[in-house]
2 protein chains.
Amino acid sequence: MSAFAPTEARLDVTRAKYPDFPRGPAVLVRLIKHLFKEIHDEANALLRPYGLNHPEYNILMMLYGSPDNSMHPSALADAAGEKSANITRLTTQLCEKGYVARSGSDADRRKVTLTLTPEGLALIDGFLPGIVTLLHKQTRNLTAGEQDQLEVLLKKMLAGFGE
Amino acid sequence: MSAFAPTEARLDVTRAKYPDFPRGPAVLVRLIKHLFKEIHDEANALLRPYGLNHPEYNILMMLYGSPDNSMHPSALADAAGEKSANITRLTTQLCEKGYVARSGSDADRRKVTLTLTPEGLALIDGFLPGIVTLLHKQTRNLTAGEQDQLEVLLKKMLAGFGE
DNA sequence: AGTATATAGTTCATTTGTGTATATTCAATA
DNA sequence: TATTGAATATACACAAATGAACTATATACT
């Protein structure tokens, strides 16, 4: 029996009380919330031994995903889905730990450039094997074809936001 | 152009540096994170005029999804995907606002029962129309068939956790 | 019965996240 | 070139969430 069954039962009760409540959309939203929490918690557990949490990991990986291992804070905020005030705090921590370096920009002096240090790159090399294993584990119930399908549908849904 | 395109570009760079990094699973995880943040932020904005945030809303709706409008804290933690310590804090707030009532249980004196008050039910009636509209808006890009498909796939993925 | 083990809920210290205001720089244009 | 408005990043006060320790009941076992 799926762990999600109680959620569906609750939704049935809700619809009995308030028939307009849309079952499909509500299920999707609750599924996404549950998945996010699970993903978040598992990643946190894996990263704790490295002294990192999930948001810090995300920032390191966004920088790693840039050809020169560097980004500006505002781009990082978009990429990591964090508020810019939080980027300041998180990157300050990563700087203090020595994984990221801050530097000014000559072209636009408002901007700051954040770059992975050699220590940061070494840390990433250290935790990536575990992350790869975790990612496979988290999607093991889906075939490659199902993953593609899911990706298409999630993108389509996401495209409906912020318009 | 999709707002998600930069994420995919970063993933390509990552895979150039670390070929084992699995593209599909990583995309799925990032999509889910982005969707959750959008859903969370929009719900927060809608609920603010009612003096509620998204987690508080979730708790009220979990109670509403129970036939007698009541649940125990531990069940609520599961249902709402919150840690039990957080349930204590959130429900205390909701009690102070008069939307939820706490009471002991005779059968098992460790347990506490949380029940929606008439004020809580009235509040729900007040914000539900807006929520219904929001839920439709958040899934407007998906046909009914696509929503069903997405639901199946997300459930399948979720079933892979915690085993 | 008596003891160990597990469960329910809370408390508290700490970490993490947000909203708002502010300083600085850039870009547009009158 | 002076002025206005937008963008970038940060500071800070406050809000929310977490992990770990703790109290109290309940359950299982000998």
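All values reported here derive from a predicted model rather than from experimental measurement. Worth knowing before you read on, the calculation uses all heavy atoms, side chains too, and leaves out hydrogens, waters and symmetry mates. Here is how names work: the chains are called A, B, and so on, in the same order as the sequence lines, proteins then strands, and each is numbered from 1.
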*Asks:* Rounded to the nearest 0.5 Å, how far apart are OG1 of B:T91 and CD of B:E96?
*Replies:*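 Result: 10.0 Å between the selected atoms.
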*Asks:* Any sub-3.5 Å donor-acceptor pair from A:H34's side-chain atoms to B:A79's backbone N or O?
*Replies:*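 Answer holds: yes.
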*Asks:* Taking NZ from A:K97 and P from C:dT15, how many angstroms apart are they, rounded to a whole number?
*Replies:*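 Nearest whole value for this atom pair: 11 Å.
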*Asks:* Output the rounded distance in Å from NZ (A:K33) to C1' (D:dA17).
*Replies:*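 Whole-Å distance recorded here is 15 Å.
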*Asks:* Identify, residue by residue, the members of residues 71-96 of chain B with a heavy atom below 4.0 Å from DNA chain C, and return them in order of residue number, or none.
*Replies:*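 Nucleic-acid contacts, sorted: B:H72, B:P73, B:S74, B:S84, B:A85, B:T88.
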*Asks:* Can you tell me if B:E56 uses its side chain to pair, donor with acceptor, with the backbone of B:N53 under 3.5 Å?
*Replies:*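 Flag set: sc B:E56 to bb B:N53 pair under 3.5 Å.
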*Asks:* Looking at side-chain heavy atoms only, is the closest gap between A:L28 and B:L142 below 4.5 Å?
*Replies:*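 Heavy-atom side-chain distance check passes, below 4.5 Å.
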*Asks:* For the pair made of CG in A:D108 and C1' in C:dA27, what is the distance, rounded to whole Å?
*Replies:*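 From A:D108 CG to C:dA27 C1': 10 Å.
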*Asks:* Would you say B:T117's side chain and B:G98's backbone share a donor-acceptor pair under 3.5 angstrom?
*Replies:*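 At least one qualifying donor-acceptor pair exists.
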*Asks:* Write down the distance between NE2 (A:H40) and C1' (D:dA16), rounded to a whole number of angstrom.
*Replies:*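 It is 13 Å, rounded to the nearest whole Å.
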*Asks:* Check whether any side-chain nitrogen or oxygen of A:R102 sits under 4.0 Å from OP1 or OP2 of D:dT10, and answer yes or no.
*Replies:*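 Yes, such a contact exists.
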*Asks:* Give a yes or no answer on whether the side chain of B:K97 reaches the backbone of B:G51 with a donor-acceptor pair at less than 3.5 Å.
*Replies:*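 Checking the backbone N and O of B:G51 against the side chain of B:K97, a donor-acceptor pair under 3.5 Å is found.
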*Asks:* Would you list the protein and nucleotides 2-7 of chain D atom pairs, both N or O, that sit under 3.5 Å from each other?
*Replies:*
{"from": "D:dA7", "atom 1": "N3", "to": "A:R110", "atom 2": "NH1", "distance (Å)": "3.3"}

*Asks:* Which residues, if any, of residues 49-64 of chain A bring a heavy atom under 4.0 Å of DNA chain C?
*Replies:*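 A:N53, A:P55 - these, ordered by number, are the residues of the stretch whose heavy atoms sit under 4.0 Å from the strand.
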*Asks:* Starting from P on D:dA16, measure out to CG on B:L47 and report it in whole angstrom.
*Replies:*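 For the pair B:L47 CG and D:dA16 P, the rounded distance is 13 Å.
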*Asks:* Assess whether side chain to side chain contact (heavy atoms under 4.5 Å, CB included) is satisfied between B:H54 and B:N58, documenting all intermediate values.
*Replies:* CA-CA 6 Å; B:H54 194 193; B:N58 275 323; 3.6 Å; yes
*Asks:* Between A:V112 and A:R48, who's closer to the 5' end of DNA chain D by nearest nucleotide?
*Replies:*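 First, find each residue's nearest nucleotide; the 5'-ward one identifies A:V112.
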*Asks:* Donor-acceptor check, side chain of B:E8 to backbone of B:A5, threshold 3.5 angstrom: yes or no?
*Replies:*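 Between the backbone of B:A5 and the side chain of B:E8 there is no qualifying donor-acceptor contact (under 3.5 Å).
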*Asks:* Rounded to the nearest Å, what distance is computed from the CG atom of residue A:D106 to the P atom of nucleotide C:dT24?
*Replies:*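 Spelled out: CG on A:D106 to P on C:dT24 is 19 Å.
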*Asks:* For the pair made of NZ in B:K111 and P in D:dA26, what is the distance, rounded to whole Å?
*Replies:*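 So the two atoms are 11 Å apart, to the nearest Å.
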*Asks:* Return yes if some donor-acceptor pair links the side-chain N/O of A:R140 with the main-chain N/O of B:G160 below 3.5 Å, else return no.
*Replies:*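 Yes; at least one donor-acceptor contact below 3.5 Å.
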*Asks:* Whether the side chain of A:R15 engages the backbone of A:F21 through a donor-acceptor N/O pair (distance < 3.5 Å, no angle test) should be reported.
*Replies:*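 Flag set: sc A:R15 to bb A:F21 pair under 3.5 Å.
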*Asks:* Relative to each other, are the rings of B:F127 and B:Y50 parallel, tilted or perpendicular (30° and 60° limits)?
*Replies:*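 Because their plane-to-plane angle is over 60°, the rings of B:F127 and B:Y50 count as perpendicular.
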